[in-house]
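A short write-up of the structure that comes next.
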Amino acid sequence: MSIFSIYNTQSRDLQTVNVTGRPVHIYCCGPTVYRDAHVGNLRTFLLADLISRTLKLSGLDVLLIQNITDVGHMSEDFESEDKMLSQAKLEKVDPFEIARKYEEKFHTDLARLNIAPAKSYPRASETIPGMLSSIQTLIENGSAYVSESGSVYFSAESFPSYGAISGNRLDSLKPGHRYEYSDDGEKKFHADWALWKSAGNRSEMVWDSPWGRGFPGWHIECTAMSLDLLHSHVDIHVGGIDLRFPHHENERAQSNSIIGSEAVDLWVHGEHLLFEGRKMSKSANNVVLVEDLISQGLDPLSLRLALMENRYRSQMDLTWDSLRAANSTLNRWRSAMANWGSSETIGFDSEIHSALLADLDTPRALLRLRAVEKDQLLTPMQKREIFNYADQVFVLDLKRVVEVKPLTSEQSALLESRATARANKNWGESDRIRDLLARDGIVVSDNPEGQSWAWSN
RNA sequence: GGUCGGAUGGCCGAGAGGCGAGGCAAGGGACUGCAAAUCCCUCUACACGGGUUCAAAUCCCGUUCCGACCUCCA
């Protein structure tokens with residue numbers, strides 16, 4: 001059996017996934033649910049999906065866990081306001097209502113992109129006891145300390161291999177370099193971080209703890225959840241490149257300090273998505289949501305295809321052009337599939353299989369699919385069966401029969417009069433009607449068998 | 001200042017010592033009453049300077065430029 005290999009940020013090398021006798025444990029850092037997930041966020045969630053599906057293609061079981069951060073995690077800095085709480089103030093509702101609303105939308109977006117649901121989506125707010133016991137363990141074994149105000153900090157120096165994922169060294173993280181470092185005076189060392197932050201003057205989203213009322217630090221939720229739900233061992237940990245430091249570095253220090261060994265085998269990071277040449281951000285005003293694609297008349301799966309045209313490890317510039325290109329490819333493939341018959345058999349293609357196994361080389365797999373489409377030595381049935389095979393991972397709904405919105409009676413009448421005009425070689429009238437229909441988004445074309453029509457989107 | 005990646009045709013992007021991916025756009029042709037769709041063809045590139053080699057986009061050294069991260073971030 002061929003083996004899946006993928007790039008491990010920590011070892012800076014391709015690493016194979018060798019798991020037998022149990023499911024592959026995957027943990028993917030999920031959304032902070034204070035706003036809509038944009039298409040860049042979705043690129044990372046798609047990455048976890050592609051990994052899971054490729055492993056399944058190779059006959060492995062997968063246990064995927066993805067957290068929902070519904071507790072503000074601006075705990076390092078009291079000056080900036082917590083995102084969840086400030087959004088709640090803005091929308092004038094209970095912060096948990098905000099969280100549930102965006103959590104719901106997150107699931108909707110995943111479904112639109114055919115991203116298979118994880119086994120579970122633990123919420124930070126419902127994992128407080130687990131976090132408290134993780135923190136307790138860290139205090140007991142000397143990895144963490146309690147401050148005067150009742151906050152708990154992780155001691156970075158207690159973890160000798162700190163920095164292994166990101167390449168950062170503790171002395172390079174000293175204040176005085178480019179970033180602005182602020183300290184509330186409670187940390188013993190500049191690189192320490194909060195595991196638990198005392199409530200201060202906060203009254204919402206705070207919990208009781210052995211150290212007083214407060215709220216958890218951002219990094220501890222992933223430690224608590226992954227150790228608990230994945231039985232203290234993560235085979236593949238997935239997240240966006242920006243989480244490499246500090247989030248994953250800190251999570252690793254916490255998890256390893258609790259279990260006394262390496263908790264994660266493989267750290268996989270997805271690169272960022274740019275849109276029209278710039279990083280997607282509110283200030284650049286180029287945040288794109290799945291809804292925006294839909295309102296442009298694009299199939300959301302054209303995003304899935306467009307994202308797969310690039311490797312997950314390279315920064316990618318998404319444009320409306322590339323989305324439209326993907327959308328028309330999708331339409332072309334679906335109608336080709338319909339023309340190739342109705343076989344439900346799942347074929348096999350070794351090139352596609354090996355491309356996916358080789359560090360998720362989706363561009364090469366798609367290239368092969370295009371070659372299959374054009375290959376004159378393959379029968380239509382063979383083509384369809386190879387497409388069926390590929391669609392287990394691509395999940396572009398290639399078998400979907402393009403459903404056609406019915407015409408209004410006026411539009412049907414126009415089509416009929418055009419056919420009559422054409423029969424009479426009344427070209428002027430025929431073209432006039434064609435223009436009329438085009439305004440309704442109906443494209444008319446003439447074939448030897450007569451005229452046919454289609455919706456332009 | 002530290003760390004991690006990049007630079008390929010009009011644009012987006014694979015490729016990682018020899019055979020010039022693919023897509024989009026553009027131009028030409030076939031088909032058509034004219035179109036559309038489709039098919040065929042065309043446009044032939046690897047930041048710069050050295051080096052290694054029979055052979056470099058690919059390896060090595062140097063240079064320039066670009067992006068990401070450095071305590072909010074997918």
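All chains are named by letter (A, B, ...) in the order of the sequence lines, taking the proteins before the strands, and each is independently numbered beginning at 1. No hydrogens, no waters, no symmetry mates; every other heavy atom, side chains included, goes into these values.
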With side-chain contact (heavy atoms from CB on, under 4.5 Å) as the test, would you mind laying out the steps for A:Tyr162 and A:Asn250 before giving the verdict?
CA-CA 8 Å; A:Tyr162 189 80; A:Asn250 294 0; 2.5 Å; yes

Spell out protein contact along nucleotides 27-40 of chain B as letters: B when the base is contacted, S when just the sugar-phosphate is, - when no protein heavy atom is under 4.0 Å; keep the 5' to 3' order.
------BBBB----

B:rG29 to B:rG22 separation - C1' atoms, rounded to the nearest Å
23 Å

How is A:His38 classified with respect to the nucleic acid when contacts are heavy atoms under 4.0 Å: base, sugar-phosphate, or nothing?
base

What is the separation between atom NE2 on A:His272 and atom P on B:rG6, rounded to the nearest whole Å?
17 Å

Determine whether the side chains of A:Ser417 and A:Thr420 contain a donor N or O and an acceptor N or O closer than 3.5 Å.
no

Once you apply a heavy-atom cut-off of 4.0 Å, does A:Gly40 come out as touching a base, just sugar-phosphate, or nothing?
base

Suppose you measure atom C1' in B:rG67 against the same atom in B:rC24; what distance do you get, rounded to whole Å?
24 Å

Measure from the side-chain heavy atoms of A:Arg370 and tell me the nearest of B:rA74, B:rA68, B:rG22.
B:rG22

Give one of base, sugar-phosphate or nothing for A:Ser166, where a contact means two heavy atoms less than 4.0 Å apart.
sugar-phosphate

Contact class for A:Leu243 vs. all strands (heavy atom < 4.0 Å): base, sugar-phosphate, or nothing?
sugar-phosphate

Roughly how far apart, to the nearest Å, are B:rC60 and B:rA21 at atom P?
22 Å

With rounding to whole Å, what would you report as the distance between B:rU42 and B:rC70 at their C1' atoms?
49 Å

Have A:Arg252 and A:Ser161 got a donor and an acceptor in their side chains that come within less than 3.5 Å?
yes

Indicate whether any N or O donor in one side chain lies under 3.5 Å from an N or O acceptor in the other, for A:Asn8 and A:Asp13.
no

Distance-only side-chain donor-acceptor flag, A:Gln451 / A:Arg422, under 3.5 Å:
no

Atom-to-atom span, CG of A:Asn250 to C1' of B:rC72 - whole angstrom:
14 Å

Among B:rC4, B:rG15, B:rA74, the nucleotide that comes nearest once only the side chain of A:Asp361 is considered
B:rG15

Only one of A:Glu249, A:His219, A:Gln254 clears side-chain hydrogen bond (donor to acceptor under 3.5 Å, both in side chains) with A:Trp193; which?
A:Gln254

Taking B:rG23 as the reference, what is the distance to B:rU58 when you measure between their P atoms (whole Å, please)?
26 Å

Taking only the P atom of each, what is the distance from B:rA16 to B:rC11 in whole angstrom?
24 Å

OP1 or OP2 of B:rG67 sitting under 4.0 Å from any side-chain N/O of A:Ser314?
no

Closest to the A:Tyr7 side chain: B:rC69, B:rC12, B:rG5?
B:rG5

To the side chain of A:Asp317, which of B:rG22, B:rC12, B:rA74 is closest?
B:rC12

Compare side-chain N and O positions of A:Asn310 against OP1 and OP2 of B:rC12 and report whether any pair is under 4.0 Å apart.
no

Mind checking the C1' distance from B:rC43 to B:rG50? Whole angstroms is fine.
33 Å

Between A:Tyr27 and A:Asp235, do the side chains contain an N or O donor and an N or O acceptor separated by less than 3.5 Å?
no

